[in-house]
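Structure first, commentary second.
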Amino acid sequence: MSDKFDVIVIGAGPGGYVAAIRAAQLGLKTAIIEKYQGKEGKTALGGTCLNVGCIPSKALLDSSYKYHEAHESFNVHGIGTGEVTMNVPTMVARKDQIVKNLTGGVAALIKANGVTLFEGHGKLLAGKQVEVTGLDGKIQVLAAENVILASGSKPVDIPPAPVDQDVILDSTGALDIQAVPGKLGVIGAGVIGLELGSVWARLGSEVTVIEAMDKFLAAADEQISKEAFKILSKQGLNILLGARVTGTEISGKQVTVSFTDANGEQKMTFDKLIVAVGRRPVTANLLSADCGVNLDERGFIYVDDYCATSVPGVYAIGDVVRGAMLAHKASEEGVMVAERIAGHKTEMNYDLIPSVIYTHPEIAWVGKSEQALKAEGIEVNVGTFPFAASGRAMAANDTAGLVKVIADAKTDRVLGVHVIGPSAAELVQQGAIGMEFGTSAEDLGMMVFSHPTLSEALHEAALAVNGHAIHIANRKKR
Ligand code: FAD
Ligand code: AMP
């Protein structure tokens, strides 16, 4: 058996690699195990996020949005471009280069921090030992004072739509489509379905999104999700709600999808179909039968509020445990666990994890929705400000959407910030910073915001909470 480590991390996604770096910074002897082989047939760190998730999807969203603007709206500024074309393989290759740069960057950081990398499959054994099956099949057993399980998640498959990565794709396959499909079907109107659907709609695909639930973006504030439905539909996304996929049939290079909706059995034929119905935790061959770590009823590794599993000294973080499947949630859990192992009392504020959907306009929020607060019986005051009234948004020809600030009617404390609009993700983060420090709507309203900025919309929405907005007629103060 090799030397004992203070910390062994299984999985080098944004949860695992961040935990390993922070543990090493704190002076702990740390190892990380990763099995993923990237496109070039070499171990690639960074997990789903860097390889097949957050970053590659944003690369395609940015490329496709630039194309869309050049095609549809440069003329508004007086810019003539001639024929605008899109070379899809170049777009995909640019995305691959970004992935390569970033995963290489993580490898460099792991090394610079003195973390030992084991390339292969890790499995937790009893007594905090970890078995590593190397890429060459050789097995070694490592010992650790602490183990952090960060094995992440993978796409959910549904029996009616088996993925072949040719005609029926999961989110990974959808990042490598090499030509614009004439007709694209997307199953699932969640974050991933809407983002990937938007990429191809901008490039000219006729996109239909088939969603089983009757409600669109049920987790978002209802005012924002209604606005999002309107805006995305206007952009050409055909979003079918209350439509459950029951089967698919491939014929040649096309797929016919059967689904049931309020009108009964329906069929639609597509050139490509993306299955984006959620993700599930990766626990296969991760835990020996006698290691003592328990799963919860949904198959996630069971952990407490501090990511401790049922075995002392064994922790689990990120997508493999309860909570939002988001990279920033995984990373912060990684930091919390590394610091707690080092003896700090670090905690994480699970109430303030921002959510973002990178459509255009972006949809983002932090804290609670108006309907959730009302359901809890909390009386609220609400302020909204439309980007149509923002000088900066007008200058940028980007005026769809609004900012909504929700505050406790009794204390004025901000309980939710919800945005659909340009740079929504960045604006919501400002709300999150304020909320972390217990800001009131009045506090936000009293701050000086630069002019002209999109942030002024947040300022005005905060002022509107108490009926003081300057650049919009105020709703009566309740
Ligand atoms: P992962 O990133 O899944 O990493 C787990 C790692 O563990 C993998 O590299 C895997 O190979 C390795 N592993 C698993 N088992 C073993 C084992 N036994 N031995 C060795 N290695 C193992 N989140 C956001 O916050 N923002 C976004 O914009 C966003 N966009 C997304 C877009 C798409 C298309 C997808 C699919 C996801 C997106 N996500 C986004 C979600 C985000 O990618 C995940 O929440 C995040 O990657 C979870 O991090 P993690 O470290 O828990 O797991
Ligand atoms: P998310 O978990 O945010 O990625 O969203 C996945 C979406 O897919 C959810 O809104 C589900 O309701 C939806 N979904 C799951 N199964 C089906 C199905 N068979 N047909 C249509 N939509 C589905």
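None of the values given here were measured: they were computed from a predicted structure. As a basis for the values below, the full set of heavy atoms in this structure was taken, side chains included, without hydrogen atoms, waters or symmetry mates. Indexing begins at 1, ligand by ligand and atom by atom, following the structure's order. Numbering starts at 1 and runs along the sequence shown.
In the model, S258 has no side-chain atom that pairs as donor or acceptor with a side-chain atom of Q266 under 3.5 Å. At a cut-off of 3.5 Å, with distance as the only test, a side-chain donor of N285 or K123 sits close to an acceptor on the other residue. A donor and an acceptor atom, one from each side chain of D319 and S153, are located under 3.5 Å apart. Side-chain N/O atoms of T256 and K267 include no donor and acceptor closer than 3.5 Å.
At the top of the distance list for atom 11 (O) of ligand 1, counting protein heavy atoms only, stands E34 OE2, 2.6 Å. Protein heavy atom in closest approach to atom 3 (O) of ligand 1: T48 OG1, 2.6 Å. The protein heavy atom nearest to atom 51 (O) of ligand 1 is G15 N, 2.9 Å. Atom 41 (C) of ligand 1 has M325 O, 3.7 Å as its closest protein atom, hydrogens excluded (heavy atom only). At the shortest separation from atom 26 (N) of ligand 1 among protein heavy atoms lies C54 SG, 3.7 Å. Of the protein's heavy atoms, G53 C, 3.3 Å lies nearest to atom 32 (C) of ligand 1. Protein heavy atom nearest atom 14 (C) of ligand 1, with residue, atom name and distance: S151 O, 3.3 Å. For atom 7 (O) of ligand 1, the nearest non-hydrogen atom of the protein is G11 CA, 3.2 Å.
Of all atoms in ligand 1, numbered sequentially from 1 with element shown, those under 4.0 Å from a heavy atom of A150 are 5 (C), 6 (C), 7 (O). For ligand 1 and I33, the ligand atoms under 4.0 Å from any heavy atom of the residue are 20 (C), 21 (N). With ligand atoms numbered from 1 in the order given, ligand 1 contributes 36 (C) to contacts under 4.0 Å with heavy atoms of S171. Heavy-atom proximity to S57, at under 4.0 Å, picks out these atoms of ligand 1: 32 (C). Close contacts of ligand 1 with R279, meaning ligand atoms under 4.0 Å from a residue heavy atom, involve 36 (C). For ligand 1 and Y358, the ligand atoms under 4.0 Å from any heavy atom of the residue are 28 (O). If you number the atoms of ligand 1 from 1 as listed, the ones under 4.0 Å from a heavy atom of A330 come out as 49 (O), 52 (O). Near G47, with a cut-off below 4.0 Å to any heavy atom, the atoms of ligand 1 are 2 (O), 4 (O), 8 (C), 9 (O).
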Test side chain to side chain donor-acceptor pair (under 3.5 Å) on R22 and Y17; report intermediate values, then the result. CA-CA 9 Å; R22 187 70 189 116; Y17 84 74; over 6 Å; no

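A salt bridge links K404 with D221: at least one charged nitrogen is closer than 4.0 Å to a carboxylate oxygen. We find that E376 and K368 are joined by a salt bridge, their nearest charged nitrogen and carboxylate oxygen being less than 4.0 Å apart. Salt bridge status for E333 with R322: present, with a side-chain N to carboxylate O gap under 4.0 Å. Checked for salt-bridge contact, K95 and D176 meet the test: a charged N lies under 4.0 Å from a carboxylate O. At a threshold of 4.0 Å, the pair K230-E227 counts as salt-bridged, since one of the basic side-chain nitrogens sits closer than that to a carboxylate oxygen. Using a cut-off of 4.0 Å between Lys/Arg side-chain N and Asp/Glu carboxylate O, K39 and D96 are scored as salt-bridged.
By the 6.0 Å contact criterion, OH on Y302 is open, its count of non-hydrogen atoms from other residues, nucleotides or ligands being 12 or less. Atom CD of Q223 has more than 12 neighbouring heavy atoms from other residues, nucleotides or ligands inside a 6.0 Å radius. No more than 12 heavy atoms of other residues, nucleotides or ligands sit less than 6.0 Å from atom NZ of K111. For NZ of K58, the number of neighbouring non-hydrogen atoms (other residues, nucleotides, ligands) closer than 6.0 Å is greater than 12. Atom NZ of K29 sits in a crowded spot, with more than 12 heavy atoms from other residues, nucleotides or ligands closer than 6.0 Å.
Checking only distances, V52 never comes within under 3.5 Å of ligand 1, N or O to N or O. In terms of polar-atom proximity, E195 is not counted as a contact of ligand 1, lacking any N or O under 3.5 Å from an N or O of the ligand. By the 3.5 Å distance cut-off applied to N or O atoms, G122 is counted among the residues near ligand 1. For a threshold of 3.5 Å applied to N or O pairs, the pair formed by D319 and ligand 1 contains at least one separation below that value.
Remark: K183 fails to qualify as a cation-pi partner of F270 under the 6.0 Å distance and 45° angle criteria applied to the six-membered ring. In this structure, R340 forms a cation-pi arrangement with Y306, its terminal cationic atom sitting closer than 6.0 Å to the ring centre and no more than 45° off the ring axis.
Under 4.0 Å from ligand 1, the heavy atoms of K58 that appear belong solely to its side chain. At a heavy-atom cutoff of 4.0 Å, ligand 1 is contacted by no atom of P56, backbone or side chain. Contact annotation: for I192 versus ligand 1, heavy atoms closer than 4.0 Å belong to the side chain alone. Counting heavy atoms closer than 4.0 Å to ligand 1, residue I10 contributes side-chain atoms (C-beta onward) but none from N, CA, C or O.
In the candidate list P14, G13, G318, G120, P14 is nearest to atom 49 (O) of ligand 1, counting heavy atoms.
Distance check, rounded to the nearest 0.5 Å: CD1 of I317 to CD1 of I301 gives 10.0 Å.
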Note down each nitrogen or oxygen pair, ligand 2 side and protein side, whose separation is under 3.5 Å; give only atom names and the distance to 0.1 Å.
residue  : atom   : partner : partner atom : Å
ligand 2 : 10 (O) : E211    : OE1          : 2.7
ligand 2 : 10 (O) : E211    : OE2          : 3.0
ligand 2 : 12 (O) : E211    : OE2          : 2.6
ligand 2 : 20 (N) : V245    : N            : 3.1
ligand 2 : 22 (N) : A212    : N            : 3.1

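Every heavy atom of K154 sits 4.0 Å or more from the atoms of ligand 1.
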